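Model, not experiment: these values are computed from the prediction.
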Amino acid sequence: MIFISLFGGVLLLLYGIKLLNDGLQNAAGSKIRSLLRSLTSNRLTAVGGGAFITGLIQSSSATSVMLVGFVSAGLMSFRQTLAVMLGADIGATLTVQLIAFHVYDYAVLIIGIGLAFVLYSKKTITRNVGEGILGFGFVFLSLKIMTDAITPLQENELFRLVFVALTDTPALGIALSALLTGLIHSSAATMGIALVLAKSGLIPLKTALYIIFGANIGTCATALIASLRSPVEARRVAWAHVLFKLFGVLLFLPFVSPFQELVAASTSDLPRQIANANTLFNVILAVCFLPFTGPFARLILKVIPEKEEEKKFGPLYLDDHVLGTPSLALGQAARETLRASDIVRGMLVDSIKTFKTDDTDAIAGIKNQDNLIDLLDRHIRLYISRLSSSHLTESQSRRAMTVLEASRNLESIGDIIDRNIMPLAMKRISKGITFSREGIEEITLFHKRIIDNFDAAMSSFAGNDRDLADRVIRNKEELGIMERELVQAHLDRLRKGLRESIETSHVHLDLIGNLARINSLITHIIYPIAEEKRAKGREDMGIDQ
């Protein structure tokens, strides 16, 4: 029965920590990303920002995922991520600090409060907070179950000999703790077990210190294994985390006795001493390594170089490891879509040049770009479909459809440029014809207005800006009028018998028509955003009535 209780208690502990992490991450929402970026202006604020964000969402792995994305997008330097990472390790100790308090007897009450939020709240954010509270309740309940189960083992001589061996053999204690943490993917769970053993009198503070050292190393295992097939930025962040911890443990080992005395002086309660030791370990690590983040970053860049095959084109932001966190995954998919939009914009901007010069190489280059758009679209659609199989909120489902619609229409714009507009450019060159001065000026102006509308549409998509989406729709109507005026102006020149207009008539009219089709697809990109605004307006009117 002892081992059955321990087994159930450990599983409940793991589930409670997962529920706690998921609930707090969802409650924090996507704004946590912009908050993290704003707190990294220098090394000190980066450490504070990492500690604050991780303390808020209680997941250092989620913080690491955001760091990888920022580095990939060029929004943050790799050196900055090191400072944030040091802070994240401090913030991650908050869970252990909380569970070190003697609140086991109130576990059922905490669970009840969490369930009340989850079952009876209509607001998503309140339910998410409730999940976090419920997770805490399960953690405390699991600790109570394991403490009661382990108490009889205080008199067991075999168990005492095992833990004496761990105290006398630091390397063994550290290795076992790291292995356990790597297997269960949670340093907080390993710390929780250490707290239970300490409370039951089975391990002294010195043994607990070795468990702390091992847990801090083992917590890197999940990210390290997951990063093996990930982009180079993910591998660098993961390895930097591992090396920080390894160097930190090696730094502490010669000073275990003074460190033990320092921790013992902080409180007389052994579980609280263990929690304090974990926090102090990471705080001292941050203080020691923070001045050397620059050289350390250069070392990592040399140790983890970019592989030759990674220089090939492919998705940069579609990280499989964040599919379990929809808000993060949708942010990654949106950024990949924006990356595709940059390529499409480049094709659109360059397309007009092929009607002003006879450069066939430029045409070939533009056509090759379409293959890149097709590849990104396939990956984005597959990524969203995999995400959709998980639990999404209503707003997340709408955002997923917006991303899909944007990617699909960008791919269609690329196809029009590749299959329709570029053949027209080749036809003009092969026949040796040129547009009239008035004709090319009109097409250039029309083309510029469409690019402006494209920029507005992608800005609306990036910021989910509904007012900007409405402006894009109004621009479509104005450009529709402009299209008809350009066609009429060309027909007027034909009636006057202008030679250039007669020679280029087919190319001229088809080019205008294809540019108009592109503008229509641009508008389709932001329809889901505009529809959301109209739906909200109808709801507000219903409330007023």
Side-chain angles (χ1 to χ4, degrees), residues 337-356 362-377 380-381 402-428 435 439-462 468-490 504-530:
T337 305
L338 289 169
R339 181 178 173 225
S341 76
D342 288 339
I343 299 173
V344 171
R345 188 185 191 280
M347 293 173 66
L348 187 57
V349 168
D350 292 341
S351 64
I352 195 66
K353 300 174 186 176
T354 62
F355 291 91
K356 298 178 178 180
I363 295 174
I366 292 173
K367 289 177 71 68
N368 288 335
Q369 294 287 92
D370 184 54
N371 296 328
L372 308 183
I373 301 301
D374 293 342
L375 185 146
L376 290 183
D377 177 57
I380 291 168
R381 283 188 282 114
T402 301
V403 173
L404 279 175
E405 186 73 6
S407 179
R408 184 176 68 84
N409 284 289
L410 287 169
E411 191 270 340
S412 297
I413 292 171
D415 284 345
I416 290 176
I417 296 172
D418 173 33
R419 300 173 187 177
N420 296 9
I421 294 180
M422 289 303 97
L424 289 174
M426 277 302 296
K427 183 176 182 180
R428 184 197 66 81
F435 291 105
I440 194 63
E441 286 177 355
E442 291 171 355
I443 290 174
T444 300
L445 179 60
F446 189 47
H447 175 263
K448 183 181 182 304
R449 288 286 306 277
I450 288 172
I451 290 176
D452 290 342
N453 212 32
F454 180 88
D455 290 342
M458 296 319 301
S459 295
S460 172
F461 168 80
L468 196 52
D470 283 343
R471 188 196 305 172
V472 172
I473 293 173
R474 289 195 300 271
N475 289 344
K476 181 191 176 185
E477 298 171 359
E478 294 175 4
L479 286 168
I481 296 171
M482 186 176 182
E483 177 197 2
R484 292 190 291 273
E485 291 174 347
L486 294 182
V487 171
Q488 186 59 51
H490 178 72
T504 61
S505 183
H506 175 66
V507 174
H508 188 113
L509 294 176
D510 280 358
L511 177 56
I512 291 174
N514 280 295
L515 289 174
R517 286 180 59 197
I518 287 174
N519 188 59
S520 180
L521 291 169
I522 289 169
T523 310
H524 288 167
I525 291 173
I526 51 81
Y527 272 148
I529 300 171

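- When each of Asp455, Asp350, Asp452 is checked for a salt bridge (charged side-chain N to carboxylate O under 4.0 Å, His left out) with Arg345, only Asp455 meets the rule.
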Considering only distance and modelled atom types, tabulate donor-acceptor pairs under 3.5 Å from the side chains of residues 410-425, sequence neighbours left out.
{"from": "Ser412", "atom 1": "OG", "to": "Arg408", "atom 2": "O", "distance (Å)": "3.1"}
{"from": "Asp418", "atom 1": "OD1", "to": "Lys367", "atom 2": "NZ", "distance (Å)": "2.8"}
{"from": "Asn420", "atom 1": "ND2", "to": "Asn514", "atom 2": "OD1", "distance (Å)": "3.0"}

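- Looking at every heavy atom in both residues, Leu338 comes nearest to Phe461 through CD2-CD2, 3.7 Å.
- Between Ala406 and Thr337, the shortest heavy-atom distance links the atoms CB-CG2, 3.9 Å.
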Checking Phe446 against Glu483 for the side chain to side chain contact (heavy atoms under 4.5 Å, CB included) test, could you report, in this order, the C-alpha distance in whole Å, the side-chain angles of both residues, the deciding distance, and whether it holds?
CA-CA 8 Å; Phe446 189 47; Glu483 177 197 2; 4.0 Å; yes
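- Taking the side chain to side chain donor-acceptor pair (under 3.5 Å) definition, one finds that Ser459 meets it with nothing, sequence neighbours left out.
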Can Arg428 and Phe435 be said to form a side chain to side chain contact (heavy atoms under 4.5 Å, CB included), step by step?
CA-CA 9 Å; Arg428 184 197 66 81; Phe435 291 105; 3.9 Å; yes
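- Looking at heavy atoms from C-beta onward, Phe454 lies in side-chain contact with Val344 at the 4.5 angstrom threshold.
- Between the side chain of Ser407 and the backbone N or O of Leu404, no donor-acceptor pair lies under 3.5 Å.
- Closest heavy-atom contact between Thr402 and Pro528: OG1-CB, 3.5 Å.
- At distances below 3.5 Å, at least one donor-acceptor pair connects side-chain atoms of His447 with backbone N or O atoms of Leu348.
- Interatomic distance, OG of Ser341 versus CG of Asn409, reported as 12.5 Å (0.5 Å rounding).
- Rounded to the nearest 0.5 Å, atoms OG1 (Thr504) and NZ (Lys427) are 11.0 Å apart.
- A pairwise comparison of heavy atoms in Ile473 and Ala530 identifies CD1-CB, 3.6 Å as the closest pair.
- The minimum heavy-atom distance linking Ala456 with Leu468 is given by the pair O-CD2, 3.4 Å.
- For the residue pair Ser460 and Ile529, the shortest heavy atom distance occurs at O-CD1, 3.6 Å.
- If you take CG on Leu486 and CZ on Arg484, they are separated by 11.0 Å, rounding to the nearest 0.5 Å.
- For the pair Asp470 and Arg474, the salt-bridge criterion is not met [side-chain N within less than 4.0 Å of a carboxylate O].
- Atom-to-atom distance recorded for Ile512:CD1 and Met482:CE is 9.0 Å, nearest 0.5 angstrom.
- Residues Glu485 and Glu442 have side chains not in contact (no heavy-atom distance under 4.5 Å, counting atoms from C-beta outward).
- The line from CZ of Arg449 to CD1 of Ile451 is 12.5 Å long, rounded to the nearest 0.5 Å.
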Could you tabulate the donor-acceptor pairs under 3.5 Å formed by side-chain atoms of residues 515-523, not counting sequence neighbours?
{"from": "Asn519", "atom 1": "OD1", "to": "Asn453", "atom 2": "ND2", "distance (Å)": "3.0"}
{"from": "Thr523", "atom 1": "OG1", "to": "Asn519", "atom 2": "O", "distance (Å)": "3.0"}

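- The closest side-chain heavy-atom distance from Ile443 to Ile352 is below 4.5 Å.
- The aromatic rings of His490 and His508 sit parallel, their planes meeting at an angle under 30°, below the 60° perpendicular limit.
- Comment: Asp342 does not engage Arg339 in a salt bridge, judged by the lack of any side-chain N to carboxylate O separation of less than 4.0 angstrom.
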